[in-house]
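Order of listing sets the numbers, starting from 1, for every ligand and every atom in it.
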Amino acid sequence: MQNLSGKTAFITGGASGIGLAMADAFAERGMRLVLADVNAAALDKAAARFRGRGTDVLTMTLDVTDRPALAEAARKVEAFGKLHVVCANAGIPPSGAKVAETEPEKWDRIIGINLTGVYNTVHYMLPLLRAHGEGGHVVITSSMAGAVAASPIGDYVVAKYGAVGFGEVMAWELKPENIGVSILLPGTVATNLNAREDSALSAGMDAGAVGRRVVEAMEKDELYIFTHADYRPLVQARCDAVMAAFGTSAQPDFREPDQVVAMMCQNAYPPKR
Ligand SMILES: NC(=O)c1ccc[n+]([C@@H]2O[C@H](COP(=O)([O-])OP(=O)(O)OC[C@H]3O[C@@H](n4cnc5c(N)ncnc54)[C@H](O)[C@@H]3O)[C@@H](O)[C@H]2O)c1
């Protein structure tokens with residue numbers, strides 16, 4: 001999407017870290033902001049900072065697991081102005097357990113915020129992107145954990161792989177409507193998510209650099225946004241293992257009906273139209 005100035009972006013988890021950094025990068029381009037977050041105090045602080053810089057900003061305290069709150073948020077955004085960008089970014093860290101041993105309540109919470117929260121956000125905001133027919137863009141914050149299965153962050157991996165699938169399907173579905181999709185897959189970023197003195201993860205990339213990459217990717221309509229080159233060999237190894245398994249285990253003498261293959265090929269990402 002081009003010509004961002006004057007357009008409005010809705011960002012969940014917009015009061016801190018990567019969400020706030022995206023907001024900063026959007027404000028640099030002259031965009032208007034709607035920041036949604038569970039942290040009311042952080043929202044107030046962010047809003048004061050943006051207003052001080054002359055950016056038009058609306059904040060709303062909401063939890064992305066709360067569907068009625070998102071429906072109400074959509075009504076408020078509609079009154080604020082035409083919406084062009086939706087960033088489903090809010091997320092929480094992994095529980096740290098081995099995947100099958102994750103406590104049920106923690107499993108539900110991580111999947112509920114990091115995956116279903118993405119669906120909830122896009123489900124309620126997409127009609128506003130469609131309403132004006134001018135096109136738009138959706139940014140899904142996944143993680144390097146959405147492309148590499150690591151332990152002991154399995155609950156987080158499952159949610160972030162799911163977010164990648166959601167974004168890939170949506171990229172295909174929304175292409176004819178001129179609504180782009182970008183999936184952000186960062187490695188470690190220095191935000192509150194990792195801010196523990198005992199953790200090597202409290203270092204990490206500056207969130208500002210990630211926010212600026214997101215804007216560039218939106219402008220170039222890039223589907224995958226990778227920020228950390230270090231992980232390339234891990235992603236390559238996974239792709240190689242998948243392709244090697246095709247070579248050894250796919251049955252050459254079984255033929256799927258042609259129309260089934262054609263349907264999958266026509267409807268799968270990357271788009272062929
Ligand atoms: N920091 C990293 O290293 C890293 C790496 C890869 C992906 N990510 C992802 O980036 C996204 C943003 O995380 P961050 O690193 O900026 O962390 P952060 O903690 O600084 O920001 C997350 C924001 O989301 C808000 N939030 C949490 N639960 C919410 C909910 N239920 N509803 C609404 N808002 C909620 C928090 O209040 C916070 O302001 C997350 O999806 C995270 O999984 C982070």
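- Using a 4.0 Å cutoff on heavy atoms, D37 counts as a contact of ligand 1.
- At a heavy-atom cutoff of 4.0 Å, ligand 1 is contacted by the side chain of I113 but not by its backbone.
- With atom 14 (P) of ligand 1 as the reference point, the heavy atom nearest to it among T61, T191, D66 is part of T191.
- Proximity of P186 to ligand 1 is established by a heavy-atom distance of less than 4.0 Å.
- Residue contact annotation: M205 has no non-hydrogen atom under 4.0 Å from ligand 1.
- Between G187 and ligand 1 there is a heavy-atom distance shorter than 4.0 Å.
- Close N/O approach between D63 and ligand 1 is found [any backbone or side-chain N/O within under 3.5 Å].
- Of all atoms in ligand 1, numbered sequentially from 1 with element shown, those under 4.0 Å from a heavy atom of T188 are 3 (O).
- In this view, R130 and E177 satisfy the salt bridge (Lys or Arg N to Asp or Glu O under 4.0 Å) rule, not counting sequence neighbours.
- With ligand atoms numbered from 1 in the order given, ligand 1 contributes 16 (O), 18 (P), 20 (O), 21 (O), 38 (C), 39 (O) to contacts under 4.0 Å with heavy atoms of S16.
- Looking only at atom types and distance, the side chain of T188 has no donor-acceptor partner in the side chain of H228 under 3.5 Å away.
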ask   = Can you list the steps and then say if V86 with L126 is a side-chain contact (heavy atoms from CB on, under 4.5 Å)?
value = CA-CA 8 Å; V86 174; L126 188 57; over 6 Å; no

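- The residue among I110, N89, I11, V64 with a heavy atom at the shortest distance from atom 12 (C) of ligand 1 is N89.
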inquiry  = The test is side-chain contact (heavy atoms from CB on, under 4.5 Å); show your working for V118 and M170 and say whether it passes.
reply    = CA-CA 12 Å; V118 169; M170 208 168 44; over 6 Å; no

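- Considering both main-chain and side-chain atoms, I18 comes within under 3.5 Å of ligand 1 through a nitrogen or oxygen pair.
- Within the 4.0 Å heavy-atom cutoff, L185 does not count among the residues contacting ligand 1.
- In this structure, R212 has no salt bridge (Lys or Arg N to Asp or Glu O under 4.0 Å) partners at least two apart in sequence or on a different chain.
- Annotation: side chain of V148 is not in contact with side chain of R238 (no heavy-atom distance under 4.5 Å).
- With contacts defined as side-chain heavy-atom distances shorter than 4.5 Å, the pair S182/V214 does not qualify.
- With a 4.0 Å cut-off on non-hydrogen atoms, M144 does not touch ligand 1 at all.
- Using a 4.0 Å cut-off to heavy atoms of L62, the atoms of ligand 1 that qualify are 32 (N), 33 (C).
- A heavy-atom distance below 4.5 Å is not found between the side chains of L4 and H137.
- In the vicinity of S142, heavy-atom distances shorter than 4.0 Å reach the ligand 1 atoms 7 (C), 9 (C).
- Ring orientation note: the planes of F226 and Y224 are close to parallel, at an angle under 30° on the 30°/60° scale.
- To the nearest 0.5 angstrom, H84 atom NE2 is 13.0 Å from F26 atom CZ.
- Counting non-hydrogen atoms of other residues, nucleotides and ligands closer than 6.0 Å to CZ of R53 gives a total above 12.
- Annotation for ligand 1: atoms under 4.0 Å from non-hydrogen atoms of G13 are 23 (C), 24 (O), 25 (C).
- For R109, the CZ atom counts as loosely surrounded, since its 6.0 Å shell holds 12 or fewer non-hydrogen atoms of other residues, nucleotides or ligands.
- Within the 4.5 Å cutoff, no side-chain heavy atoms of D66 are placed close to those of E72.
- Across the listed options L193, T227, L70, L193 owns the non-hydrogen atom lying nearest to atom 19 (O) of ligand 1.
- Atoms of ligand 1 found under 4.0 Å from any heavy atom of G17, numbered from 1 in the order shown, are 16 (O), 20 (O).
- By heavy-atom distance, the residue among I92, L43, L35 lying nearest atom 28 (N) of ligand 1 is I92.
- Considering backbone and side-chain N/O atoms, T65 never comes within less than 3.5 Å of an N/O atom of ligand 1.
- Ligand 1 lies within reach of T141, whose nearest heavy atom is under 4.0 Å from it.
- Using a 4.5 Å heavy-atom cutoff, the side chains of T141 and M22 are in contact.
- Contact annotation: for N194 versus ligand 1, heavy atoms closer than 4.0 Å belong to the side chain alone.
- Remark: among candidates L20, L184, V38, T12, the nearest residue to atom 34 (N) of ligand 1 is V38, based on non-hydrogen atoms.
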